[in-house]
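Data first, discussion second: the structure below is written as structure tokens.
Keep in mind that this is a model prediction, so the values were computed, not measured.
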Amino acid sequence: LLIFANRYAGTMQRMRGGTPLEIYARDAGFEPEIVYTNSGIHLRRELRERIQGVDRVVVAGGDGTIHSAIQVLANSGVALGILPQ
């Protein structure tokens with residue numbers, strides 16, 4: 001499962017076993033590949049580089065993070081899952 005997450009979101013704080021996002025993904029049966037981003041520009045660049053051959057991604061963050069992801073994924077055929085933070 002490919003997940004893009006805002007590094008500065010509150011739920012990205014490390015706990016025993018990883019971040020809450022990593023723990024939740026594993027509990028749901030996924031082995032996540034999490035790409036932590038620093039800004040909207042960084043997120044858009046990472047998305048463009050990594051979505052080839054991917055049919056869905058999950059983005060965790062606030063409205064700015066989600067907006068940045070939508071700009072890249074619009075008309076791409078890649079499904080977007082949203083984890084609001």
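- Shown here for N6 and G61, the closest heavy-atom pair between the two residues is CB-CA, 4.4 Å.
- One hydrophobic cluster, built from ILVMFWY side chains closer than 4.5 Å, cannot hold both Y24 and I34; they sit in different ones.
- The hydrophobic cluster around L2 extends to F4, V35, L43, L47, I51, V54, V57, V59, I66, I70, V72, L73, V78, L80, I82, counting ILVMFWY residues whose side-chain heavy atoms fall within less than 4.5 Å of a member.
- Smallest separation of non-hydrogen atoms from S68 and G40: OG-CA, 3.4 Å.
- Checked by atom type and distance alone, the side chain of H67 never pairs as donor or acceptor with a backbone atom of D63 at under 3.5 Å.
- For A5 against L21, the heavy-atom pair with the smallest separation is CB-CD2, 3.7 Å.
- Partner of E46 under the side chain to side chain donor-acceptor pair (under 3.5 Å) criterion, chosen from R50, R44, R48: R50.
- Other residues, nucleotides and ligands contribute at most 12 non-hydrogen atoms within 6.0 Å of the CZ atom of R56.
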